K.L.:
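Just dropping this structure here.
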There are 2 protein chains.
Amino acid sequence: MIYNEFKKMVTISKEEISEQILENHRDSIKVKKEKKVIENLIKIIDATLDICSKKSFQAMSIRDLSAASGLSRGALYSYFTSKEELLILILSQGRQIANQVLTEQIAKGSDPAEKLRLAIKSHIYLSEAMQTWFYFTYIEARNLPREEQKRAIASELYTEKLFIDIIEDGITAGIFREGNVILAASVIKAMLQDWYMKRWKYKSRKVSVDEYADYVIHVAESIL
Amino acid sequence: MIYNEFKKMVTISKEEISEQILENHRDSIKVKKEKKVIENLIKIIDATLDICSKKSFQAMSIRDLSAASGLSRGALYSYFTSKEELLILILSQGRQIANQVLTEQIAKGSDPAEKLRLAIKSHIYLSEAMQTWFYFTYIEARNLPREEQKRAIASELYTEKLFIDIIEDGITAGIFREGNVILAASVIKAMLQDWYMKRWKYKSRKVSVDEYADYVIHVAESIL
DNA sequence: GTCTATACATAGATAGAC
DNA sequence: GTCTATCTATGTATAGAC
């Protein structure tokens with residue numbers, strides 16, 4: 001699996017899922033021409049993620065977003081009813097893409113050892129392709145309304161569960177050593193998160209995506 | 001080393017360092033009675049960290065802080081000249097305590113293997129004793145003014161350097177295997193951070209500080 | 001569909017009384 | 001030292017013109 005292939009796949013999913021999102025938010029979006037909506041939604045989401053890689057969502061004003069997206073403040077409110085709804089829109093879209101791609105990839109593996117490698121590699125590739133979104137989600141998680149916060153936590157635990165299941169299967173199959181499965185999955189997840197949260201560090205140290213992924217796989221295999 | 005001893009030590013450092021901080025910010029603090037200042041500064045800092053475990057520093061209003069600390073808005077401005085200065089005050093105080101305690105602890109180890117264990121254990125204990133502060137620093141790092149952001153990064157890299165040095169010494173001494181030292185230190189750091197960033201998760205899964213610390217040591221020793 | 005103008009709310013900071 | 005009252009800036013959201 002090569003990173004470029006992976007990135008293409010993510011881009012395709014993005015388009016598909018944009019339409020689903022549009023359906024779910026039909027009430028709030030006042031603009032009727034579908035093409036226009038998707039075009040502008042992408043502008044808006046990209047601009048938001050871009051701004052929020054530098055400051056928090058809270059600190060981003062609608063004025064900021066207007067300037068960065070090229071739409072007027074008034075026009076922006078044709079695409080969402082409140083700033084908070086924009087936040088929810090972004091989160092749910094990203095979550096859907098991420099879960100879909102990740103699950104697809106893992107299914108390609110035939111045994112636990114291969115599934116583990118695939119899960120690690122595709123998670124890191126995914127967070128590379130959608131870095132701003134992953135960063136955004138991690139940082140903004142606690143600023144969400146209750147309901148949305150629960151979804152974020154559920155999503156976090158779901159990803160971790162993918163790893164727990166793989167590890168348990170591996171132990172049953174006699175491929176992995178016995179040990180604390182939950183802690184093993186937790187530390188693997190911690191390593192995965194470090195890639196998108198500390199990208200500035202790895203960039204300055206010239207660590208590539210592949211190098212990092214291989215190292216995490218190496219660590220995981222050492223403890224399992 | 002027991003966690004309770006450790007916690008006591010941190011509390012003592014807190015008092016000592018409060019005085020240093022007071023010196024550094026003498027100009028901004030209008031209140032003259034030293035005792036009063038320390039008393040209220042602690043109230044203010046604790047209240048801030050408490051509020052900011054639920055929302056961002058930005059989202060915390062001076063009105064919120066006034067309510068939580070028991071001081072009026074006007075009185076608060078006798079202890080700092082701007083909200084941003086309060087932020088800097090908290091960060092620099094915490095950083096000093098953390099660096100001091102950590103360095104002290106590591107120095108107690110006699111060989112690289114022991115130093116590594118001590119470094120891991122004391123970092124996790126430290127982040128347990130000062131959890132709100134560690135969380136706060138991680139989350140707020142990017143919302144800082146340039147100068148302060150540089151200090152945060154320097155501090156992050158300093159901690160990592162502690163690990164890099166220990167690992168390198170260990171390799172030279174033939175205790176640890178050859179390998180990518182920077183990546184090894186990075187993933188250890190990632191695991192340490194997970195403890196204070198995902199405390200809700202470990203709490204709900206009933207993972208204790210000691211159990212987690214032992215596991216991280218286990219992982220580190222597996223790869224080294 | 002998008003813009004400009006503006007209403008309305010909230011937050012940071014200060015002045016001056018106590 | 002601390003409080004109350006208040007100024008000013010900034011930000012969200014809407015109305016109505018184009």
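Residue numbering restarts at 1 for every chain, and letters A, B, ... go by the order of the sequence lines. Here the structure is a predicted model, which means the values were calculated and not measured.
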K.L.:
Round to a whole Å and report the spacing from CZ of B:F80 to C1' of D:dT2.
P.N.:
14 Å

K.L.:
Rounded to whole Å, please give me the gap between CG in B:L65 and C1' in C:dG12.
P.N.:
12 Å

K.L.:
Among A:I44, A:T48, A:I45, find the one that has a side-chain contact (heavy atoms from CB on, under 4.5 Å) with A:L89.
P.N.:
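It is A:I45; the other options fail the test.
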
K.L.:
Between A:Q58 and B:G70, who's closer to the 5' end of DNA chain D by nearest nucleotide?
P.N.:
B:G70

K.L.:
If you take all heavy atoms of B:Q105 and B:L118, which pair is closest and at what distance?
P.N.:
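Result for this residue pair: O-CD1, 3.6 Å.
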
K.L.:
Can a side chain N or O of A:K83 be found less than 4.0 Å away from OP1 or OP2 on D:dT12?
P.N.:
yes

K.L.:
Between C1' on C:dT10 and CD1 on A:I62, what's the gap in Å once rounded to a whole number?
P.N.:
15 Å

K.L.:
Distance check: side-chain N/O of A:K30 vs OP1/OP2 of C:dT2, anything under 4.0 Å?
P.N.:
no

K.L.:
Is there a donor N/O on one and an acceptor N/O on the other, under 3.5 Å, for the side chain of B:R73 and the base of D:dT6?
P.N.:
yes

K.L.:
Can you measure B:Y77 atom OH to D:dC7 atom P for me and round it to whole angstrom units?
P.N.:
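One finds 17 Å between P of D:dC7 and OH of B:Y77, rounded.
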
K.L.:
Just by distance, no angles: are the side chains of A:E140 and A:S56 close enough, under 3.5 Å, to form a donor-acceptor pair?
P.N.:
no

K.L.:
Using whole Å, what does the distance between atom P of nucleotide D:dG11 and atom CG of A:D64 come to?
P.N.:
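Atom CG in A:D64 sits about 7 Å away from atom P in D:dG11.
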
K.L.:
B:V31 has a side chain; which of C:dG12, D:dA13, D:dG1 sits nearest to it?
P.N.:
D:dG1

K.L.:
Counting heavy atoms from C-beta on, name the nucleotide in D:dT12, C:dG12, D:dT2 closest to the side chain of A:S61.
P.N.:
D:dT12

K.L.:
What is the separation between atom CG on B:L71 and atom P on D:dT4, rounded to the nearest whole Å?
P.N.:
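Spelled out: CG on B:L71 to P on D:dT4 is 12 Å.
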
K.L.:
Between C:dG1 atom P and A:K32 atom NZ, what is the distance in whole Å?
P.N.:
9 Å

K.L.:
Any luck finding a side-chain donor-acceptor pair between A:N4 and A:Y125 under 3.5 Å?
P.N.:
no

K.L.:
What is the distance, rounded to the nearest whole Å, between atom CZ of B:R63 and atom P of D:dA5?
P.N.:
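To the nearest whole Å, that distance equals 13 Å.
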
K.L.:
Is B:K55 paired with B:D64 through a side-chain N to carboxylate O contact shorter than 4.0 Å?
P.N.:
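Salt bridge: yes.
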
K.L.:
Counting only side-chain heavy atoms from C-beta out, which of C:dT2, D:dG1, D:dA13 sits nearest to A:S82?
P.N.:
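Nearest listed nucleotide: D:dA13.
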
K.L.:
From the options D:dG1, C:dG1, C:dC3, select the nucleotide whose nearest atom is closest to the side chain of A:S72.
P.N.:
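Between D:dG1, C:dG1, C:dC3, the one nearest the side chain of A:S72 would be C:dC3.
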
